[in-house]
Engineer: 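The structure under discussion is supplied below as structure tokens; questions concerning it will follow.
All of these numbers come straight from a predicted model, not from anything done at the bench. These values consider heavy atoms only, across backbone and side chains, with no hydrogens, waters or symmetry-generated copies. Numbered from 1 within each chain, the chains take letters A, B, ... in sequence-line order.
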Amino acid sequence: LLRSSQPLTGPNRRRCREDEKLLGTILDEGERGFIIDTRSAQAAKQARMSGGGTEPKSSYPQWRRLHRALDRGRPLQESFARLVEACSDPSLSMDRWLGRLDGSRWLSHVKAALSTACLAAQCLDREDSKVLVHGAEGTDTTLLVTALAQLILDPSCRTLEGFLGLLQREWIEAGHPFHVRCARSASSHARGKQEAPLFLLFLDCVWQLSRQFPLSLEFGEQLLLTLSDNAYASAYGTFLCNSEKERSLCKVKESTHSLWAWLEQPEEKHKYLNPLYSHNPLVIWPSVEPQSIQLWQGFFLRWIRPSQHLQEAWDEIQRLVEGN
Amino acid sequence: MEHIRMPKVENVRLLDRLSSRRAVVGTLYLTATHVIFVENGSEIRKETWVLHSQISSIEKQATTATGCPLLIRCKNFQVIQLVIPQERDCHDVYISLIRLARPVKYEELYCFSFNPKLDKEEREQGWKLVDLNEEYNRMGVPNSYWQISDVTRDYGVCDSYPTEVYVPKSATAHIIVGSSKFRSRRRFPALSYYCKGNNASICRSSQPLSGFSARCLEDEQMLQAIRKANPGSDFIYVVDTRPKLNAMANRAAGKGYENEDNYSNIKFQFIGIENIHVMRNSLQKMLEVCELKSPSMSDFLWGLENSGWLKHIKAIMDAGIFIAKAVAEEGVSVLVHCSDGWDRTAQVCSVASLLLDPHYRTMKGFMVLIEKDWVSFGHKFNHRYGNLDGDPKEISPVIDQFIECVWQLMEQFPCAFEFNERFLIHIQHHIYSCQFGNFLCNSQKERRELKIKERTYSLWAHLWKNRADYLNPLYRSDHSQTQGTLHPQIAPCNFLYKFWSGMYNRFEKGLHPRQSVTDYLMAVKEETQQLEEELEVLQERLANLQKSQSGNNKVKSKQQDRSKQFGLYTSNNSSANTPQEYSNDLKSFPSRSPSQGDEDSALILTQDNLKSSDPDLSANSDQESGVEDLSCRSPSGGGCLPSEDSGKDSDEAVFLAG
């Protein structure tokens, strides 16, 4: 599984021998690979006008390009804001709730993200093919897809340690610009142009996986909620800045504490573990049918829905498992 | 059997509901009670059994090159798509099924031929499992305020009520008779639930025949009697569960609702729940959404909203919450009615009772609740669920809605119910299956005339026998959630109502969570218990060994087998090995049942060949059952693994070797 940003083909259909060679060496003689472009075919084509573009078939003959349009940027941020609004609207009656839920399109984004990740996973696992994922910048939807695909495919990413490692690799070190993406969240009116809840969308997708495979993730919902909090506002330096370079310049490692280190302490860790976990060596294929994708109540209704009864249920689960 | 034109058709294809690429070929059999599809060639016989009673509609579609398609839709939401090679055969099957699915006489129903191989005494005991008398006593009646009415013996006053009806002590026979004449179908106000903590009660009736201005002294006295039976309050609520407009329209037909001016000390309230026709259409629309091929999120959400189904569920729930509050918090009695007092009234009274009294959240208690508020009080099972061929306008998913309300509550209060989702699904299944006699006919009177108890078996006994499958591992009778009244959040709460895919997409295993937390926890619980027992035994042995020199060499081997069994279960945690078509095809699986066993399967199977252990499970492939999974540890554990390429998948091989 590889990731990159878009090739700078531009309006003049520029070629780059080195890039072609690089992609060429990845595949064996006669082997085919897949490029999953997270932009629609049209958007990708239009990107040429501003210097970007796609890999032309003629220059990359062994690679087959698939387009799966995933929303990012402003549309995603607005989707998020609409959903948060719908959840907290006291005047909303039952006969218009689902329409508002759909109107936010958030669940459609979840479905699309999971589907694309599954597609990537399927290419790797079922077709035995290598996959290259990119969007435009390679810092948003690209990371969403590659991180989810690994969660689906690789059981070691489903342990607590493995998952934190996945985040470190696929989101932080890969250069997702947390500082500008997770600045103000949904309710603030002073939203920057760069604000977009990609990371939140990722966490939502992870929650969907945990709902469909409740025994296969070593961590529970509480971890996801803690991560969502820390991405926006944190006592730790883990999510600071926009890239490794910036973090280095700001001397983050020298002057702040790591969230991972804190989470992995024994006295903290137990809060985030899933009592139902048992190692599942297989690939977990989620269903992406609408019935299978649900609103992440623990996050979106966190302050609206009473959680006491559900917490009691988890306590009971803990008790049963520990008694064993 | 005279209705079966074609008892057997070969080379029939059973299609995956939405993907015609995945079809299995087999033989179709028609028996007096079932349609059976047997797959060709698999080492383990994969069979799909459908009871005729479950068939809701049959659609013969246009013949194509591959054959003549036949779509069977069932009342338990199973949808079966067959393709029969010859059009003539298809037509014969179609005509036969049409007749078989619409029985004319009760004797045609499966319950009269179903034989679980129990003797007469066991059958009788089965019927005695749920005793309404005991239940009323448990509630605290008869007492100084409530007693059984005399006039209801022999169904003289009201033939849709049971013989044992509780009324306020101060309601004389004269008052009861008078009131019954002023109520639709003579369904006078009677006790549904009595709260001994504060003497408040829930009573139920039908609408008064008040028209625009008619009055009835006895009916007014009846309501006063109810009020007087609760000295702690000086008024009662009268709740009309219909929308105000409908109730008002009824007045033009000489019926209507209670006028606060005429009835002293009542507070009248409308809680608009729509009628059976609206509900029937609502379900229809929702099922259409479920049948969409590869719907987008929007298709699904808009379709669901358009059906209005969740809105109706919420309306029923809100009514139940209102009544429970009135009884528990205000200590005020409530009289509930709709039009005839046997649909919405039943729903709302039973939801309220469930909220109020933890006993109804136990397995036994729930059975009793259904017996009381639905069976004994004359809910028209035959008309509503089509036991016999009848007026399609009478059909409506009334009890389905109640059952869904229970599920919604279970989702909000995971520790509060002794039973699990599977219990509810099986009950719904059997309301339509007519395999047991509990839900036949329209009233207690009709059931007694047909001698149901002497000629059929009780579902409750069957479920009780298998109760290990139906337990909720999170339930503890001493847990706070199981005590007292449940208080669901009222507002905001729209988001609390979820689409119940376990019921409406029951047979599409691919849509549901692939790992069952319930089954896992039940296995953990049992294993813990096992280990504790083992520990006890070992401690005993140690004590004995220490006492005598010659050791006791008896080895208890059965413990070892059982712990192996559970070891197996815990490795059985990944049932999702095949991806669906992520380029927009819906993955679903044909339903299948565990093999009928070693009997010669080439013959058309008769009742005698059915295993008595669980013919019920043969009629539906209920793969959520962890117990079933444990028993089908064969490669067709394909019963456990919804996989269309079983055998090829190396993942599966690893999994099964465990």
Engineer: Give, as side chain, backbone, both or neither, the part of E411(B) having an atom under 4.5 angstrom from any heavy atom of chain A.
Structural biologist: backbone

Engineer: Counting C-beta onward and ignoring hydrogens, is there a side-chain heavy-atom pair between Q515(B) and N280(A) closer than 4.5 Å?
Structural biologist: yes

Engineer: Would you mind reporting whether L276(A) and L521(B) have side-chain heavy atoms less than 4.5 Å apart?
Structural biologist: yes

Engineer: Is L92(A) in contact with chain B via its backbone, its side chain, both, or neither, using a 4.5 Å heavy-atom distance?
Structural biologist: both

Engineer: For S93(A), is it the side chain, the backbone, both or neither that has a heavy atom under 4.5 Å from a heavy atom of chain B?
Structural biologist: backbone

Engineer: Which heavy atom of F495(B) sits nearest a heavy atom of C87(A), and at what distance?
Structural biologist: CE2-O, 4.3 Å

Engineer: Is the shortest heavy-atom distance from the side chain of R319(A) to the side chain of R476(B) under 4.5 Å?
Structural biologist: yes

Engineer: Between H479(B), E305(B), K498(B), which shows the greatest number of heavy-atom pairs under 4.5 Å with chain A?
Structural biologist: E305(B)

Engineer: Indicate the atoms forming the closest heavy-atom contact of R211(A) with P513(B), along with that distance.
Structural biologist: O-CB, 3.5 Å

Engineer: Can a donor-acceptor pair be found between the side chains of R105(A) and S298(B) at a distance below 3.5 Å?
Structural biologist: yes

Engineer: Below 4.5 Å, heavy atoms only, C-beta onward: do Q297(A) and L496(B) meet side chain to side chain?
Structural biologist: yes

Engineer: Would L98(A) and W302(B) count as a side chain to side chain contact (heavy atoms under 4.5 Å, CB included) here? Give the steps.
Structural biologist: CA-CA 7 Å; L98(A) 292 174; W302(B) 275 108; over 6 Å; no

Engineer: So for P90(A), is it side chain, backbone, both, or neither that comes closer than 4.5 Å to the heavy atoms of chain B?
Structural biologist: neither

Engineer: Using a heavy-atom distance cut-off of less than 4.5 Å, which residues of residues 309-317 of chain A contact chain B?
Structural biologist: H309(A), L310(A), E312(A), A313(A), E316(A), I317(A)

Engineer: When rounded to the nearest 0.5 angstrom, what distance separates OG in S108(A) from CZ in F300(B)?
Structural biologist: 12.0 Å

Engineer: Evaluate the side chain to side chain contact (heavy atoms under 4.5 Å, CB included) criterion for residues L320(A) and L474(B): first the C-alpha distance (whole Å), next the side-chain angles of each, then the deciding distance (0.1 Å), finally the verdict.
Structural biologist: CA-CA 8 Å; L320(A) 282 174; L474(B) 299 180; 4.1 Å; yes

